[in-house]
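Below is one structure, written out as structure tokens, with a few remarks after it.
Residue numbers begin at 1 in each chain, while the letters A, B, ... track the order of the sequences. Hydrogens, waters and symmetry mates play no part in the numbers below; they use all other heavy atoms, side chains included.
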Protein chains: 2
Amino acid sequence: MRIGELAERAGTTTRTLRYYESRGLLPARRSGNGYRTYDEDDVRLLEQIRTLQDFGFELEETRPFVECLRSGHPAGDSCPASLDVYRRKLAELDALISELSAVREQVGAQLVRAEAAVPGGPDPQCELTG
Amino acid sequence: MRIGELAERAGTTTRTLRYYESRGLLPARRSGNGYRTYDEDDVRLLEQIRTLQDFGFELEETRPFVECLRSGHPAGDSCPASLDVYRRKLAELDALISELSAVREQVGAQLVRAEAAVPGGPDPQCELTG
DNA sequence: GTAATCCTTGACGTGGGCGTCAAGGCCAGT
DNA sequence: ACTGGCCTTGACGCCCACGTCAAGGATTAC
């Protein structure tokens with residue numbers, strides 16, 4: 001199949017596929033007229049890449065998964081290198097989530113404090129109903 | 001005071017201050033020789049901006065706080081517009097955190113599943129001690 | 001033949017918040 | 001006078017995963 005069909009099957013664009021190829025992630029065979037040619041294996045590789053991208057993995061982080069598939073393993077995460085990426089990503093996510101949670105608490109506290117200081121803001125009926 | 005001193009006092013760089021000025025966020029008076037001149041009020045404005053930036057607010061989101069301070073209010077979040085930014089940020093943070101948590105769960109599940117499928121990976125002594 | 005639809009490479013644009021020169025002006029100390 | 005350290009504006013670089021032309025070649029449908 002050609003680049004347009006592969007892009008459509010994976011829900012992405014031709015530009016994206018050419019970009020992946022430029023990064024050495026998804027090289028393509030060429031037919032006589034110079035068009036890129038892909039097969040079903042490429043569909044699986046691309047699906048693996050897209051899944052990880054949707055998870056927020058960087059392109060380079062998908063490389064071990066792609067190479068794992070390409071070397072004949074049944075799944076992209078059948079190789080130790082892929083598992084390492086999983087583990088590092090989990091650590092990153094945990095760190096990021098706890099950092100964001102801390103910010104969330106601080107901003108929430110600021111909001112509560114500021115609302116209490118603003119006249120006629122937060123909870124007027126407490127005094128009005130007295 | 002001049003730009004270098006203000007930058008140092010706020011723990012940032014002159015480049016950053018010029019950038020803020022270019023965005024209309026922190027305009028500066030000029031002395032006779034063309035040097036930027038700042039006062040203590042500017043220190044407070046800059047501290048407000050830096051605090052919010054450290055929280056992950058975009059520059060534009062700090063503008064209401066700066067304008068609030070500049071219009072004479074005691075704090076940058078003494079104005080309704082600032083509170084709105086707080087609230088929107090909280091919503092953003094909550095959405096982002098829950099999204100990241102969902103990803104974390106999915107990646108964690110994938111890791112567990114993949115580890116179980118890899119030979120000699122996860123918990124060898126269960127069989128070895130039998 | 002020709003229009004439509006694919007494909008090719010190349011190259012610049014995007015966003016956010018700056019970093020990092022480059023070329024030069026102003027001022028203090030010696 | 002000269003050195004060193006501050007300041008000025010202007011402009012390009014960075015990161016990342018592409019989007020978006022532009023100019024042209026290949027193929028298919030009619």
Notebook entry, point to check: Contact class for A:R23 vs. all strands (heavy atom < 4.0 Å): base, sugar-phosphate, or nothing?
Noted result: nothing
Margin query: Nearest heavy atom decides the nucleotide; on that basis, is B:R36 or A:Q53 closer to the 5' end of DNA chain D?
Written below: B:R36
Next item on the list: Among D:dG19, D:dC16, D:dC7, find the nucleotide with the atom closest to the side chain of A:T13.
Entry: D:dG19
Item checked: First-last contacting nucleotides on DNA chain C - partner chain A, under 4.0 angstrom, heavy atom -> C:dC6 to C:dA11
Check: Roughly how many Å is it from CZ in B:R18 to C1' in D:dC6, rounded to a whole number?
Finding: 10 Å
Next item on the list: Take atom CD of A:E58 and atom P of D:dC18, then tell me their distance rounded to the nearest Å.
Entry: 12 Å
Item checked: Length of the line joining A:E61:CD and D:dC16:P, which is rounded to integer Å -> 10 Å
Item checked: Lys/Arg-Asp/Glu bridge criterion (N-O < 4.0 Å) met for A:R63, A:E60 -> yes
Checklist line | Gap separating the CG atom of A:L26 from the OG1 atom of A:T16, nearest 0.5 angstrom | finding: 11.0 Å
Notebook entry, point to check: What distance separates A:R104 CZ from B:I97 CD1, expressed to the nearest 0.5 Å?
Noted result: 7.0 Å
Margin query: Which is more 5' along DNA chain C, the nucleotide nearest A:G4 or the one nearest B:Y20? Just name the residue.
Written below: A:G4
Note to self: Distance check needed: D:dA17 P versus A:L52 CG, whole Å only.
What the structure shows: 12 Å
Next item on the list: Whole angstrom is fine here: how far is it from CE in B:M1 over to C1' in D:dC7?
Entry: 16 Å
Notebook entry, point to check: In Å and rounded to the nearest 0.5 Å, what is the CG to CD distance from A:L46 to A:Q53?
Noted result: 10.0 Å
Notebook entry, point to check: Please give, in whole Å, the distance from D:dC16 C1' to A:R63 CZ?
Noted result: 14 Å
Next item on the list: Using a cut-off of strictly less than 4.0 Å, decide whether A:R15 has a side-chain nitrogen or oxygen near OP1 or OP2 of D:dT20.
Entry: no
Check: Going by heavy atoms in the side chains, are A:E61 and A:L52 under 4.5 Å from each other?
Finding: no
Check: Rounded to the Å, how far apart are B:Y38 OH and D:dC7 C1'?
Finding: 11 Å
Item checked: Protein-nucleotide distance (B:E8, atom CD; D:dG5, atom P), rounded to Å -> 15 Å
Check: Nearest 0.5 Å, what's the CD1-CG distance between A:I49 and A:L25?
Finding: 4.0 Å
Notebook entry, point to check: Charged N to carboxylate O below 4.0 Å: is that the case for A:R50 and A:E47?
Noted result: no
Atom pairs under 3.5 Å, N or O on each side, protein against nucleotides 25-29 of chain D: can you list them with distances?
unit_1: D:dG25; atom_1: N2; unit_2: A:Y35; atom_2: OH; d: 2.8
unit_1: D:dA26; atom_1: O4'; unit_2: A:Y35; atom_2: OH; d: 3.4
unit_1: D:dT27; atom_1: OP1; unit_2: A:N33; atom_2: ND2; d: 3.3

Next item on the list: Taking atom CD of A:E8 as the centre, report whether more than 12 heavy atoms of other residues, nucleotides or ligands fall under 6.0 Å from it.
Entry: no
Next item on the list: Scan residues 71-81 of chain A for pairs that pass side chain to side chain donor-acceptor pair (under 3.5 Å), counting only residues two or more places apart or in two chains.
Entry: A:S71-A:H73, A:D77-A:Y86, A:D77-B:R113
